[in-house]
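A quick write-up on the structure given underneath.
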Amino acid sequence: IKTIGILTSGGDAPGMNAAIRAVTRSAIYNGFTVKGIYRGYDGLINDEIKTFSTENVSGIIGTGGTMLKTARSKEFMTEEGRQKAFETIQKEEIDALVVIGGNGSLTGAMNFAREFDICCIGLPGTIDNDLYGTDNTIGYDTTMNTIVECVDRIRDTAQSHERIFFIEVMGRDAGFLAQNSAIASGAEAAIIPEDSTDVDQLAQFMERGIRKSKKSCIVIVSESPKCGALYYADRVRKEFPEFDVRVSILGHLQRGGRPSARDRILASRTGCGAIEAIMQGQRNVMIGVRNNEVVYVPLSEAIRSDKPFDRKLIKVLDELSI
Ligand code: F6P
């Protein structure tokens with residue numbers, strides 16, 4: 001392997017730039033040529049590629065977003081798209097591909113690797129923390145801190161007006177962001193996909209909260225197309241008209257901002273890990289960190305949808321929200 005291509009794909013996550021920097025610098029340090037691929041898999045299909053030197057990644061460790069740009073490529077999901085991408089790989093003489101992204105992006109890398117027998121290495125880049133086999137993903141810690149800062153602010157106004165707030169956070173199908181940010185912000189409850197909290201449980205919680213004379217409260221709701229924060233707020237308004245209810249959907253502000261030290265370190269360790277893996281002859285693995293050790297997780301495992309969720313976290317929040 002002489003030349004390594006690198007791309008970011010899917011939703012951007014704080015720390016992706018730190019990962020791009022780490023892969024680029026570690027590759028150059030170890031004698032490889034690095035090619036930056038712009039706009040995710042679309043850039044691979046359309047040959048939007050530039051050879052990187054160490055200067056290309058200067059001053060980016062602390063910046064949010066991704067300097068390589070990103071996309072959710074529809075074309076790469078088709079056989080023709082992947083064929084075109086492979087033609088670019090041949091033309092650019094890329095021998096291995098490092099893909100920084102979440103579930104969909106690593107699924108794409110796995111299929112591509114299988115079809116064209118190419119070495120693909122994944123880095124876990126998503127705020128959702130839903131990749132299997134790594135304790136944390138790049139971006140998760142920063143986003144959790146962003147959410148906690150927002151909730152702290154909302155609590156000021158919630159308490160002043162004695163209101164109930166439903167705050168909706170991202171996470172796609174996973175409740176890691178919602179549950180842990182609820183614990184960290186001292187919220188009264190979290191509604192997450194991993195728990196089957198239905199609206200009756202919510203109503204019980206409401207009554208309990210009132211008996212304990214809490215006049216304002218914060219409920220963190222994991223995003224869901226059918227029953228997000230607006231849905232719960234509506235139900236409470238109907239069933240408990242005495243409460244003053246407000247909704248705040250945090251949206252994409254959760255994806256931006258300077259990466260935390262933790263995310264920068266995770267990105268740097270896994271970025272160097274990707275190059276080490278290539279040098280060891282590893283193929284088609286995601287580089288994760290488990291119990292503080294860098295680990296190789298087969299891509300087919302990394303994309304599993306059943307990352308363990310520690311149910312004790314639900315108890316912790318329950319006990320502390322009395
Ligand atoms: O996967 C990251 C994520 O931010 C999810 O939490 C969210 O559901 C989704 O991406 C939003 O995607 P988009 O930015 O394409 O609307």
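Nothing here was measured: the structure is a model prediction, and the numbers come from that model. Counting starts at 1 for both ligands and their atoms, in listed order.
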(request) Give yes or no for whether the N/O distance cutoff of 3.5 Å, strictly under, is met between G171 and ligand 1. (result) yes

(request) Look at atom 8 (O) of ligand 1 and say which protein heavy atom is nearest, naming residue and atom and giving the distance to 0.1 Å. (result) E223 OE2, 2.5 Å

(request) Please identify which atoms of ligand 1 are closer than 4.0 Å to at least one heavy atom of I127. (result) 4 (O)

Under 3.5 Å donor-acceptor pairs involving side-chain atoms of residues 168-179, not counting sequence neighbours:
| from | atom 1 | to | atom 2 | distance (Å) |
| --- | --- | --- | --- | --- |
| E168 | OE1 | A229 | N | 2.8 |
| Q179 | NE2 | L313 | O | 3.0 |

(request) Identify, for atom 2 (C) of ligand 1, the protein heavy atom at the shortest distance, and state residue, atom and that distance. (result) D128 OD2, 3.3 Å

(message) Would you say that more than 12 heavy atoms from the other residues, nucleotides or ligands in this model lie under 6.0 Å from the OH of Y29, or not?
(response) no

(message) Angle between ring planes, F52 versus Y38, binned at 30° and 60°: parallel, tilted or perpendicular?
(response) perpendicular

(message) How close do I138 and A267 get, counting heavy atoms only, and between which atoms?
(response) CD1-CA, 3.7 Å

(request) Work out which heavy atom in G228 is nearest to a heavy atom in V221; give both atom names and the distance. (result) C-CG1, 3.8 Å

(request) Considering only non-hydrogen protein atoms, determine which one is nearest to atom 15 (O) of ligand 1 and report residue, atom name and distance to 0.1 Å. (result) R72 NE, 3.0 Å

(request) Compute the minimum heavy-atom distance from Q254 to ligand 1 and say whether it is under 4.0 Å. (result) no

(message) Return the closest protein heavy atom for atom 4 (O) of ligand 1 as residue, atom name and distance.
(response) R255 NH1, 2.8 Å

(message) Less than 4.5 Å apart, side chain to side chain, heavy atoms only: is that true for N56 and K50?
(response) yes

(message) Can you report which non-hydrogen protein atom sits closest to atom 16 (O) of ligand 1, along with the distance?
(response) H252 NE2, 3.4 Å

